[in-house]
Amino acid sequence: MTATILSFPIDINAYKPLKLDPTNSSLTNEERKTLKTNIQLCRDTIVFFTAVAAARGVGGHTGGAYDTVPEVMILDAFFRGAPDKFVPIFFDEAGHRVATQYLMAALHGELDVENLLHYREPDSKLFGHPERGRTPGIKFSAGRLGHLWPYVNGVAIANPNQVLFCLGSDGSQQEGNDAEAARLAVAKNLNVKLIIDDNNSTCSGYPTDYLPGFNVSQTLTGHGLTVLTGEGEDLDDLYTRLCQAVTTDGPIAVINKRPMTPGIMGVEGTPLGHDALERDLAIAYLENRGHTAAVKYLQDIIPLKHTYSFTGSKSKTRHIFDATVVSLLSSMTPTERREKVMCIDSDLGESCGINKISQAYPEIFYHGGIMERGNFAAAAGFGMETGKQGIFSTYSAFLEMCISEITMARLNKSNVLCQFSHSGIDELGDNTCHFGLNNMFADNGLENAYQTRLYYPADGNQMKACVETIFHQPGLRFLFSSRSPVPDIVDTNGKPLFADGYTFVSGKDDIVREGTDGYIVSFGEVLYRALAAVENLKEQGINVGLINKPTLNLVDEEIMAKIGSTPFVLVVESLNRRTGLGIRFGSWLLERGFSPKYAYMGTNQEGCSGIWEQLPHQGIDTINIINKVKELVK
């Protein structure tokens with residue numbers, strides 16, 4: 001049988017390598033023509049292969065990469081025309097513009113162009129954000145906004161005789177890290193050139209609406225940078241400003257105004273361009289550009305399918321959170337709501353699951369922008385008085401950014417209810433830098449410190465019950481939820497375990513299944529996989545029990561005594577194996593005089609991209625849980 005030979009349906013060999021001298025600030029007619037041709041070719045290619053990923057169901061981002069093609073084409077020509085003058089890396093603070101990095105690697109011959117057809121697929125090594133050392137042609141790692149300019153400052157110090165570029169955005173510039181980076185760059189006159197795509201579009205809307213008063217040009221001017229602002233789609237003006245930046249010593253910001261995804265009908269100027277284009281929109285764009293083969297390729301794509309299944313109803317617990325909060329808020333008077341509650345997001349309201357609060361009660365909701373540290377601290381400040389509380393939400397990966405603010409909130413006896421979504425690794429196609437692994441870091445107080453509780457409900461029913469119980473409680477309460485939907489956990493009769501008649505009790509573990517040969521302890525989106533393992537093992541004659549531990553940082557003494565006297569205990573989680581529940585649960589057993597065989601499974605290596613494939617990749621899916629139990633019972 002002959003294997004199908006893939007053929008990339010856009011001819012990237014039409015790219016014409018160009019050499020430009022930045023000391024000459026004017027383009028010739030031929031140079032301008034070549035640049036325009038290269039820009040259009042690269043934009044068409046980015047639309048195509050990011051839409052391929054979206055059509056396959058693995059997501060991907062089109063807009064940021066599409067936007068910045070003109071400046072990247074000019075930088076590429078600079079690197080070719082004056083190679084000794086530059087550190088030839090397209091450093092970029094926005095990991096969601098990784099399509100740029102993969103395309104440039106292909107154009108430079110470092111990555112086979114056919115690989116672009118597998119963008120973000122599992123084990124393709126074309127991850128959702130760039131990861132250095134894992135993909136041919138990728139020279140840096142990025143993904144968390146506002147984290148790269150400070151890093152590039154260090155690269156500039158290490159290369160004092162060369163110019164460095166750092167592509168940024170009006171989104172990344174909202175992060176406090178960039179303010180610190182600006183001050184150092186100015187103080188040390190570092191030869192870093194910021195190229196900022198100022199398109200007034202982020203995930204949750206338009207910065208001019210939710211952050212009136214914030215102006216990238218004025219902010220950077222205030223830090224002491226020379227700022228060159230112009231229209232990003234005016235090629236001659238863009239080129240002249242980039243030449244000026246390169247030939248002027250010290251840190252300079254080249255700010256490019258443009259609508260998001262210019263020229264793409266139905267998307268231009270809207271936050272829709274942030275994610276990958278839907279197939280129909282991409283097809284319309286490519287048809288208009290005459291890319292018949294690319295259109296046919298997109299039309300023929302069949303979405304990737306999960307190879308596992310689960311029964312029963314399922315829900316996204318992050319969306320159960322905001323629905324429950326809205327229900328609780330509805331029992332308050334308008335005056336009580338305004339006086340007692342404030343809610344703030346960090347540009348991820350819809351994704352995290354707090355948009356329903358914004359829609360129902362906009363008077364208590366604050367679109368905080370991409371400023372996790374400051375937004376958490378604001379929520380804590382509101383909740384400083386007894387009877388008041390702040391509600392804060394963002395991705396679990398960004399909890400690490402808020403550790404110091406969490407400590408200060410605790411010292412100030414603040415009351416904050418935090419919803420950290422996208423915990424663990426399930427369905428996190430953005431890959432390693434967006435894994436929510438170090439959630440236990442939130443419990444960083446002392447033994448007698450102000451109350452901190454970490455909760456990771458197993459399904460939508462338990463999330464609802466948990467929120468209803470803890471909403472009015474004092475202290476710091478951290479609620480975790482996965483990106484992926486989870487099925488209802490059911491009892492031995494197939495009925496939802498945490499529905500009618502269930503009351504959530506903080507610190508109380510749940511017996512999901514009884515067992516005599518040992519117990520598995522789990523929580524969150526791993527629990528239903530562990531339940532499948534337990535049921536399978538019982539069919540094989542191994543009577544294993546299952547405990548759900550929704551309160552991560554409290555010991556249930558009754559449950560500990562119950563499972564500690566059995567032959568083994570196995571903790572299975574999607575948190576970091578080095579910092580999660582597993583590393584402390586064994587100590588809790590030993591402190592109480594229990595000594596069963598003990599093991600723990602968790603996330604232990606960098607991701608593989610893809611969606612559901614992340615858990616099998618880490619060895620914490622149902623099959624691997626079964627195999628681990630069999631090892632323990634031998």
Whether Y456 and F480 hold their rings parallel, tilted or perpendicular, with breakpoints at 30° and 60°: tilted
Considering non-hydrogen atoms only, spot the tightest contact between V544 and K538 and give its length. O-CE, 3.2 Å
Does any N or O in the side chain of N412 come within less than 3.5 Å of the main-chain N or O of M408, such that one atom is a donor and the other an acceptor? yes
Mind running side chain to side chain contact (heavy atoms under 4.5 Å, CB included) on L348 and Y395 for me, showing each step along the way? CA-CA 8 Å; L348 295 170; Y395 290 172; 3.8 Å; yes
Shortest non-hydrogen contact from Q618 to Q605? NE2-O, 2.7 Å
Does H61 use its side chain to pair, donor to acceptor, with the backbone of H274 at less than 3.5 Å? yes
Using a cut-off of 6.0 Å, state whether more than 12 heavy atoms not belonging to E558 lie near its atom CD. no
G429 and S609 have their tightest heavy-atom pair at O-OG, 3.6 Å
Which atom pair, heavy atoms only, marks the closest approach of A458 to Q462? N-OE1, 3.0 Å
Lys/Arg-Asp/Glu bridge criterion (N-O < 4.0 Å) met for E525, R483: no
What I want to check is whether the side chains of T579 and N438 have a donor and an acceptor closer together than 3.5 Å. yes
Take atom CD in E385; do more than 12 heavy atoms of anything else shown fall under 6.0 Å from it? no
Could you tell me the separation between the OG atom of S327 and the CG atom of D322, rounded to the nearest 0.5 Å? 11.5 Å
I want to know whether H434 and H129 have ring centres closer than 6.0 Å. yes
On the six-membered ring of F398, is R144 placed so that its NZ or CZ lies under 6.0 angstrom from the centre and within 45° of the ring axis? no
Is the cationic atom of K388 (NZ for Lys, CZ for Arg) positioned less than 6.0 Å from the six-membered ring centroid of F382 and within 45 degrees of its normal? yes
Between F504 and Y455, does a ring pair (Phe, Tyr, Trp, His ring centres under 6.0 Å) hold up when you go through it step by step? CA-CA 11 Å; F504 183 87; Y455 302 107; 5.6 Å; yes
Would you please test I583 and R578 for side chain to side chain contact (heavy atoms under 4.5 Å, CB included) and show each step? CA-CA 7 Å; I583 64 166; R578 300 182 67 182; 5.6 Å; no
Compare all side-chain heavy atoms of N461 with those of Y502 and state whether any distance is below 4.5 angstrom. no
Salt bridge check: are D430 and R120 linked by an N-O gap of less than 4.0 Å? yes
Could you tell me whether E350 atom CD has more than 12 heavy atoms of other residues or ligands within 6.0 Å of it? no
Determine the minimum heavy-atom distance between W588 and M560, stating which atoms define it. CB-CE, 3.8 Å
By side chain to side chain contact (heavy atoms under 4.5 Å, CB included) - contacts of I611 (at least two apart): V58, E427, E613
Ring-plane angle category for F478 and F376, please: parallel below 30°, perpendicular beyond 60°, tilted otherwise. parallel
Mark yes when over 12 heavy atoms from residues, nucleotides or ligands other than L328 sit less than 6.0 Å from its CG; otherwise mark no. yes
Answer yes or no: is there a donor N or O on one side and an acceptor on the other, between the side chain of D347 and the main chain of G369, under 3.5 Å? no
What heavy-atom pair brings S574 and I620 nearest, and what distance separates the two atoms? CA-CD1, 3.8 Å
Parallel, tilted or perpendicular: which one describes the rings of F392 and F420, with boundaries at 30° and 60°? perpendicular
Quick check: are there more than 12 heavy atoms from other residues, nucleotides or ligands sitting under 6.0 Å from OH of Y366? no
